[in-house]
Amino acid sequence: MKALLEEIRQRLRHDVIQDACAELDGASDGGHHARTLPFDVSLSRPGFGDASSNAAFLLAGRLKMSPSDIARAISAKYNERNPLGGLVVRSVPHPSGHVNFEADWAQLSEIILSGAGLDTFGDSEIGGGTPVTVEHTSVNPNKALHIGHVRNIIIGDTVSRILRKSGHAVKVLNYVDDSGLQVADVVVGFRHLGFSMDPPPGKTFAQYCGDEIYVKTTQRYDSDPSLEGLRRDTLREIEDGSTEAAKLAGVITRRVLADQLQTCWRLSVYYDCLNFESHIIRSGMWGAVFDKLKDMNLVDLDRSGGKNDGCWVIRDAHGAGAGRGEDTGISDGSSGSSGSSNARAIRKESPPEENRDKVIVRSNGTATYIAKDIPYAAWKLGLVDDPFGYVRYDVEQPGGTTLWQTALGRSDGAMNFAGERVITVIDSRQSGLQRIVSDLMGRFKSSGSAYVHLAYESVTLSSDTARALGMETDKRQAHMSGRRGLYVDADSVYEELRKKAAAETLKRHPDMGDPDVARISRDISVGTIRYEMIKQDLDKVIAFDMERSLSLEGDTASYIQYAGARASRILEKAGREPPDAVDFGLLGGEDAEVALIRAIGSFEMAVEDAARNLSPKVVARYCHDLAVSFNAFYERSRVLGLDDPGLEDARLYLVRSFRFAVTRALGLVGISAPDVM
RNA sequence: GGGCCCAUAGCUCAGCAUGGAUAGAGUGUUGGACUUCUAAUCCAAUGGUCAAGGGAUCGAAGCCCUUUGGGCCCGCCA
């Protein structure tokens with residue numbers, strides 16, 4: 001389909017518009033219009049040909065004529081100039097002013113359907129081999145993953161797959177905050193509150209830590225405020241690195257991480273490297289970056305005598321001043337520092353600026369939370385010397401890629417995980433802080449868009465599901481809370497879905513063996529979870545409802561998988577491969593056939609759309625539309641048992657192409673398409 | 001007080017970046033289609049002042065401004 005649009009675009013640009021203008025209005029400069037008109041050629045909606053251009057609307061203003069008349073002239077000129085050959089049969093003007101085009105489906109079908117079987121089907125080169133580093137997951141290693149984390153993980157993994165498909169060289173990181181307060185909390189629990197190191201039967205270590213230790217320890221803080229000091233001390237000991245507390249923290253976080261990775265791997269999510277915060281802290285990267293910030297005048301030592309006195313701060317980090325419009329002016333060229341200090345002087349005249357400043361080093365000399373993100377961001381962009389060694393992770397990662405982890409002072413090989421672009425997947429509550437990091441990276445590296453915070457709205461619990469977890473709420477939704485134990489565990493959701501999918505599969509195939517049922521129900525439950533997490537836009541809050549999420553009908557992964565299984569069954573029953581050469585002109589007797597071919601042929605455009613906008617939803621919707629087209633075809637056009645062997649061959653070829661296409665499209669969002677359901 | 005995001009059918013959402021033809025799905029409700037390549041499917045009916053108001057445009061669900069309602073963020077916590 002992309003070839004069709006490109007052909008029309010070029011012919012319009014080349015001579016059609018120019019000649020049509022000359023004919024309509026001899027005085028106008030048709031050549032100028034042809035060169036400068038920002039017209040578009042896109043796929044038509046059903047009933048209006050195959051492709052459509054808005055050129056006539058745009059010319060209407062310039063020529064002071066009605067779009068309808070101009071459309072007529074363009075179509076006439078197109079047909080006159082291109083009487084034969086090419087993918088377009090004819091151009092047809094529409095009274096509304098759209099210029100429509102009808103494709104030569106015999107030719108186009110052959111291109112599309114033969115392409116669908118290739119390994120490169122849907123590949124795009126828009127990435128041009130650019131190294132891109134994606135970071136996602138990054139869950140504190142003191143708890144099992146809940147359904148809110150799953151959204152992050154699936155978005156991150158799917159975006160990575162899409163970028164890879166569109167020609168980017170992608171590396172995927174998972175940041176492990178193994179020395180934060182949340183880890184300190186479980187260490188306090190194990191060391192001082194008498195919890196056993198062994199989880200109860202039926203729970204993973206990660207679930208045990210999150211459900212029991214973390215929740216109960218934070219409850220104890222509330223009833224016994226004196227523990228607060230213990231918590232502080234423990235955090236310091238962990239950051240120190242050489243203490244007993246640090247060793248215990250290391251053991252706990254490694255065990256929790258191992259469980260978290262099992263959950264991720266089960267969902268077909270894989271990584272290239274695990275980055276440990278403790279390594280970042282001990283690497284000395286912060287000092288180097290802090291010096292650079294000081295050199296570049298991006299931080300100030302606050303001497304105002306106000307509440308931030310004695311702290312290093314980033315001025316005007318919050319509020320309107322952080323907007324991107326202002327940045328381009330300041331960061332542009334070498335006059336940057338004078339420009340920014342000038343702007344700063346002006347700002348100081350308005351009184352309450354102080355609370356817009358962001359403290360990054362406390363008056364006692366320690367770095368704040370956001371300060372840890374800054375060197376890491378710079379490292380991801382390759383802006384600092386890499387202090388890490390890399391060793392293989394202890395457990396082999398399924399999926400074929402090697403999983404590395406950072407190390408200090410030892411290394412199994414030289415690695416480079418830096419990207420020209422960096423995409424960090426974090427929920428939108430962090431947008432404020434991420435904006436600061438992003439702005440700083442823009443100053444470090446002149447291209448301002450190199451560091452992207454890919455934000456998404458959170459997952460909340462529907463009132464029904466919240467109630468089922470023991471929380472009474474009169475609101476429509478409730479926010480999850482790790483501290484209060486109010487969340488839905490990812491493994492449990494998977495397990496519920498798997499049981500339901502297995503039951504549904506057995507209902508249809510009572511004699512099927514256990515391994516097959518297991519494989520199919522796994523594909524369905526993984527697919528269902530992944531699809532639910534990406535099918536809507538990133539800026540929509542998802543109110544997770546346990547009941548509703550178990551549905552396998554309608555706009556779900558299983559709908560799409562089912563269409564694939566139906567296609568497989570036809571191919572199986574046919575008992576033969578379609579011939580290499582079929583008469584593609586026979587496909588088109590039914591509208592559903594053309595619609596299906598058109599859907600198959602739109603894959604590459606969906607990939608590019610998704611990659612450009614970092615939008616997994618685009619591919620999810622593509623998969624759904626593809627399945628809808630196939631089901632319509634399936635209902636209307638019989639494939640097997642036709643009297644017409646030529647038509648049967650052609651339709652069989654179409655079915656096989658669809659089967660390839662749906663497998664690849666689902667694969668792009670990390671979903672397998674089973675042959676039988 | 002400042003900032004970010006959302007508002008389209010009873011419910012959950014596409015469409016908005018790049019304005020153009022009859023605003024689409026799913027779900028729900030009602031009715032219909034399995035002796036046929038799998039009914040996890042399909043067909044039909046039902047359901048919309050695109051939050052409100054204003055502006056620019058030949059033309060707005062989409063762009064600009066204002067307002068309302070909702071969510072989130074704004075600590076020398078992490």
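These figures come from a predicted structure and were not determined experimentally. Proteins come first, then strands; the chains are lettered A, B, ... in the order of their sequence lines, and each starts at number 1. All values below come from the heavy atoms of this structure, side chains included, with hydrogens, waters and symmetry mates left out.
Nucleic acid contact for A/Asp373: none, since no nucleic acid atom lies under 4.0 Å from a heavy atom of the residue. When heavy atoms are screened at a 4.0 angstrom cut-off, A/Ala563 is found touching no nucleic acid atom at all. Looking at heavy-atom distances under 4.0 Å, A/Arg231 makes no contact with the nucleic acid at all. Contacts of A/Ser637 with the nucleic acid, taken as non-hydrogen atoms under 4.0 Å apart, include base atoms. A/His453 comes within 4.0 angstrom of no nucleic acid atom, judged by non-hydrogen atoms across all strands. A/Thr505 comes within 4.0 angstrom of a nucleotide base, judged by non-hydrogen atoms across all strands. A/Leu571 comes within contact range of no nucleotide atom at all, as no heavy-atom separation falls under 4.0 Å. Base engagement by A/Ser363 is indicated by at least one non-hydrogen atom pair under 4.0 Å involving a base atom. Note on A/Pro46: a base of the nucleic acid sits closer than 4.0 angstrom, heavy atoms only. Counting non-hydrogen atoms under 4.0 angstrom, A/Leu433 reaches a base of the nucleic acid. Among the protein residues, A/Val655 comes within range of no part of the nucleic acid, since none of its heavy atoms lies under 4.0 Å from any strand. Among the heavy atoms of the strands, none lies under 4.0 Å from A/Ser42.
Applying the 3.5 Å distance criterion, the base of B/A78 shares no donor-acceptor pair with the side chain of A/Asp185. Interface remark: the A/Ser44 side chain does not form any donor-acceptor pair with the B/A21 base, using a distance-only criterion of under 3.5 Å.
The nearest heavy atom of RNA chain B to A/Glu239 and to A/Gln477 marks one nucleotide each, and the one closer to the 5' end goes with A/Gln477. Comparing A/Glu504 and A/Asp555 by the nucleotide of RNA chain B that holds the closest heavy atom to each, the one mapping nearer the 5' end is A/Asp555.
Remark: ring of A/His624 does not overlap the six-membered base ring of B/A25 in a stacked fashion, as centroids less than 5.5 Å apart with planes less than 30° apart are not both met.
Distance alone, capped at 3.5 Å, is enough to place a donor-acceptor pair between the A/Arg362 side chain and the A/Ala367 backbone. Put simply, the side chain of A/Gln182 never gets that close to the backbone of A/Pro141: no donor and acceptor are under 3.5 Å apart. In this structure, the side chain of A/Thr465 engages the main chain of A/Met546 through a donor-acceptor pair within 3.5 Å. Proximity of a side-chain donor or acceptor of A/Ser66 to a complementary backbone N or O of A/Asp69 within less than 3.5 Å is detected. One N or O on the side chain of A/Tyr622 and one on the backbone of A/Ala599 form a donor-acceptor pair closer than 3.5 Å. With hydrogens and angles ignored, the 3.5 Å screen pairs no side-chain donor or acceptor of A/Arg9 with any backbone N or O of A/Ser42. A/Ser91 places a side-chain N or O within 3.5 Å of a backbone atom of A/Asn100 that can act as its donor or acceptor partner. Side-chain atoms of A/Asn152 come within 3.5 Å of backbone N or O of A/Val425 as a donor-acceptor pair.
In the set B/C37, B/A40, B/A21, B/C37 carries the atom at the smallest distance from any side-chain atom of A/Val639. Listed nucleotides B/C73, B/A21, B/A40 differ in distance to A/Arg429; the shortest reach to its side chain belongs to B/C73. You'll find that the side chain of A/Thr368 is closest to B/C76, out of B/C76, B/C72, B/A21. Taking the side chain of A/His94 as heavy atoms from C-beta on, and the options B/A21, B/A40, B/G26, the nearest nucleotide is B/A21.
Taking the P atoms as reference points, B/A45 lies 13 Å from B/G24, given to the whole Å. Using atom P as the reference point in both B/C50 and B/C43, the two lie 28 Å apart (nearest Å). Comparing the C1' positions of B/G47 and B/A33 gives a spacing of 23 Å, expressed to the nearest Å. With both ends at atom C1', the span from B/G19 to B/C74 equals 36 Å, rounded to whole Å. Comparing the P positions of B/A23 and B/U18 gives an interatomic distance of 24 Å, to the nearest angstrom. B/A51 and B/C6: their C1' atoms are spaced 11 Å apart (whole Å). The C1' atoms of B/A60 and B/C16 are separated by 10 Å, rounded to the nearest whole Å. Between B/U49 and B/U8, the distance separating the two P atoms is 12 Å to the nearest Å.
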Below 3.5 Å between N/O atoms, which protein atoms pair up with nucleotides 41-47 of chain B? Just atom names and distances, please.
from	atom 1	to	atom 2	distance (Å)
B/U41	OP1	A/Gly554	N	3.4
B/U41	O2'	A/Arg566	NH1	2.8
B/U41	O2'	A/Arg566	NH2	3.3
B/U41	O2'	A/Glu635	OE2	3.2
B/C42	OP1	A/Tyr559	OH	2.5
B/C42	O4'	A/Glu635	OE2	3.2

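What separates CG of A/Leu59 from P of B/C58 is a distance of 16 Å, to the nearest Å. Distance A/Lys372 NZ to B/C76 C1': 14 Å, rounded to the nearest Å. The nearest whole Å value for the distance from the CZ atom in A/Phe57 to the C1' atom in B/U57 is 14 Å. For the pair A/Tyr622 OH and B/A25 P, the computed distance is 19 Å after rounding to whole Å. Distance, A/Gln434 CD to B/C5 C1': 16 Å, rounded to whole Å. Rounded to whole angstrom, the span from the CG atom of A/Asp357 across to the C1' atom of B/G75 amounts to 13 Å. Between the CG atom of A/Asp439 and the C1' atom of B/G3 there is a distance of 13 Å, rounded to whole Å. The interatomic distance linking A/Lys358 (NZ) with B/A78 (P) rounds to 10 Å, in whole Å.
No side-chain donor-acceptor contact under 3.5 Å links A/Ser458 and A/Arg429. At a cut-off of 3.5 Å, with distance as the only test, no side-chain donor of A/Asp185 or A/Thr217 sits close to an acceptor on the other residue. Side-chain contact check for A/Arg659 and A/Ser568: at least one donor-acceptor pair (N or O, by modelled atom type) lies under 3.5 Å. Between the side chains of A/Asp464 and A/Ser462, not a single donor N or O lies within less than 3.5 Å of an accepting N or O.
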>> For a quick check, with a 4.0 angstrom heavy-atom cut-off, what is the B/S/- contact string for nucleotides 9-19 of chain B, read 5' to 3'?
In response: ----SSS-B--
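Residue A/Ser551 comes nearest to A/Thr528 through the heavy atom pair O-CG2, 4.3 Å, listed as atom of the first residue, atom of the second, then distance. Across all non-hydrogen atoms, the minimal contact from A/Glu648 to A/Leu642 is OE1-N, 3.2 Å. When all heavy atoms of A/Ser521 and A/Ser525 are compared, the pair lying nearest together is O-OG, 2.6 Å.
A/Phe48 and A/His94 have perpendicular rings, their planes meeting at more than 60° on a 0 to 90° scale where under 30° would count as parallel.
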> Given Watson-Crick or G-U pairs with both distances under 3.5 Å, what dot-bracket string fits RNA chain B, with | for other-strand pairs and [ ] for crossing?
Replying inline: (((((((..((((......[...))))((((((.......))))))....(((((..]....))))))))))))....
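Taking only side-chain nitrogens and oxygens, A/Lys307 never comes nearer than 4.0 Å to OP1 or OP2 of B/G75. The side chain of A/Arg508 contributes an N or O atom lying less than 4.0 Å from OP1 or OP2 of B/A40.
For B/C34, the base adopts the syn conformation, since its glycosidic angle falls within 90 degrees of zero.
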